[in-house]
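Small disclaimer: the values here were computed from a predicted structure and weren't measured. Order of the sequence lines sets the chain letters (A, B, ...), proteins ahead of strands, with each chain counted from 1.
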2 protein chains.
Amino acid sequence: MFSKTCEYGLRAVIYIAQQAKTNEKIGITAIADAIDSPQAFTAKILQQLTKNNIVQSIKGPFGGFYIDEQNLQNISLNNIVQVLEGNRIYTGCGLGLHQCNAEKPCPLHFKFIEIRENLKKMLENTTLLELSSDKSITDYYLKN
Amino acid sequence: MFSKTCEYGLRAVIYIAQQAKTNEKIGITAIADAIDSPQAFTAKILQQLTKNNIVQSIKGPFGGFYIDEQNLQNISLNNIVQVLEGNRIYTGCGLGLHQCNAEKPCPLHFKFIEIRENLKKMLENTTLLELSSDKSITDYYLKN
DNA sequence: AGCATTAAGGATAAACTTATCTTTTAATGC
DNA sequence: GCATTAAAAGATAAGTTTATCCTTAATGCT
Ligand code: FES
Ligand code: FES
């Protein structure tokens, strides 16, 4: 469904959001360890997310990544997916036609856009705030 | 969502199914032309689908690909996706955990499996027979 | 100022997907 | 049998994703 980039990115941001509650910045080594992802690769992904203002970072001692209160409330998973996957996942044809278009639909179009819309809505409705709740932290896992 | 392999494969099989109504075999050149896909690559994909008994083929003059009456009735899109994508798309974790498991769920698990199940059901319920109906042939497009 | 720490940035490598080309095998008609 | 046709099979190339490594820039501490 998602690329590795997106999978690691989502896991990383969720983890940072969870740690952000304690107002601490968290380093790339700790993140990669917590979500069981390749460190350097994850760093690249977070770089991209930082540029796009999904997460914040500061360099130097006691530096690291964090998410401010405002982003915690405003960012949903679709924002992250948009940055890391582009919007083809939201607008592209299921059978790979160059244009997904109801005027000239592929045989799967009307069935497929339903799935696609549900995915989009699900990601839009899943906020970092929700994912960083105490219950979410205790009940769910970011590696196995 | 799907790989190029899967996209071309689905389009090719749908096209063959539609042509199969006239009891004609159809060659790889005609197929690639009809669905606007790279010919040699599409041939490889159909080779794989032939081995897995999704489509039939015969070599030589007037040879080509076809789908018999039985397959037309029994094959659904999920059979094709299964062969070309494996079942990770049906069983894999949305966040890329090695195991998707309700006992140790990722933060997206319960929302994600719903999407995944809907996709699976949609593909299971979409049969080649349906896609090769006259209405389907006239109303839908396999290239644009 | 100098040093230690940590993310950013750039270059490169490995792995996988996508795509093409050539040779071989099977079927058909003569 | 022989020529012709078309898919199967194998080899190789191109492109993209995934991953690592090394250098640079920013920050804080002494
Ligand atoms: S045209 Fe294929 S999904 Fe819309
Ligand atoms: S554990 Fe992630 S989707 Fe099931």
What is the separation between atom [atom1] on [X] and atom [atom2] on [N], rounded to the nearest whole Å?
X       : N      : atom1 : atom2 : result
A:Phe62 : D:dC29 : CZ    : P     : 6 Å
B:Glu7  : C:dA19 : CD    : P     : 10 Å
B:Phe65 : C:dA27 : CZ    : C1'   : 14 Å
B:Tyr66 : D:dA6  : OH    : C1'   : 14 Å
B:Ile26 : D:dA6  : CD1   : C1'   : 13 Å
A:Ile28 : C:dG9  : CD1   : P     : 14 Å

Fill in the blank from the handout: C:dA19 -> Watson-Crick or G-U wobble partner, both distances under 3.5 Å, gives D:dT12
Completion exercise
A:Gln99 meets the side-chain hydrogen bond (donor to acceptor under 3.5 Å, both in side chains) criterion, sequence neighbours left out, with none
Handout entry: 5' precedence on DNA chain D between A:Ala40 and B:Gly64 (nearest-nucleotide basis)
Key = B:Gly64
Problem - Other ILVMFWY residues reachable from A:Ile58 by side-chain steps of under 4.5 Å - result: A:Tyr66
Check nucleotides 11-18 of chain C for protein N or O atoms closer than 3.5 Å to its own N or O atoms and list the pairs.
from   : atom 1 : to     : atom 2 : distance (Å)
C:dT18 : OP1    : B:Lys4 : N      : 3.1
C:dT18 : OP2    : B:Thr5 : OG1    : 3.2

Set of residues satisfying side chain to side chain contact (heavy atoms under 4.5 Å, CB included) with respect to [X], sequence neighbours excluded:
X        : value
A:Asp139 : A:Lys135
A:Ser132 : A:Ala17, A:Gln18, A:Lys21, A:Leu72
B:Ala32  : B:Ser37, B:Gln39

Look for any protein N or O under 3.5 Å of an N or O in nucleotides 1-3 of chain D and output each such pair with its distance, or none.
none

Practice task
Specify the residues of residues 45-61 of chain B, ordered by number, for which at least one heavy atom lies under 4.0 angstrom from an atom of DNA chain C.
Solution key: B:Lys59, B:Gly60, B:Pro61
For residues 77-87 of chain A, which side-chain N or O atoms pair as donor and acceptor with protein atoms under 3.5 Å away, sequence neighbours left out?
from    : atom 1 : to      : atom 2 : distance (Å)
A:Asn79 : OD1    : A:Ser76 : N      : 2.8
A:Glu85 : OE2    : A:Ser3  : N      : 2.7
A:Glu85 : OE2    : A:Ser3  : OG     : 3.0

Practice task
For residues B:Glu117 and B:Lys120, determine if any side-chain heavy atom of one lies less than 4.5 Å from a side-chain heavy atom of the other.
Solution key: yes
Exercise for the section: Could you tell me whether A:Lys4 and A:Glu7 have a side-chain N and a carboxylate O separated by less than 4.0 Å? Expected result: yes
Problem - Inter- and intrachain pairs under salt bridge (charged side-chain N to carboxylate O under 4.0 Å, His left out), touching residues 28-50 of chain B, at least two apart - result: none
Problem - Residues in ring-ring contact (aromatic ring centres under 6.0 Å, His included) contact with B:Phe41, at least two apart in sequence or another chain - result: B:Tyr8
Under 3.5 Å, which donor-acceptor pairs do the side chains of residues 101-113 of chain A form with other protein atoms, sequence neighbours left out?
from     : atom 1 : to       : atom 2 : distance (Å)
A:Asn101 : OD1    : A:Lys104 : N      : 3.4
A:Lys111 : NZ     : B:Thr126 : OG1    : 2.9
A:Lys111 : NZ     : B:Glu130 : OE1    : 3.4
A:Lys111 : NZ     : B:Glu130 : OE2    : 3.0

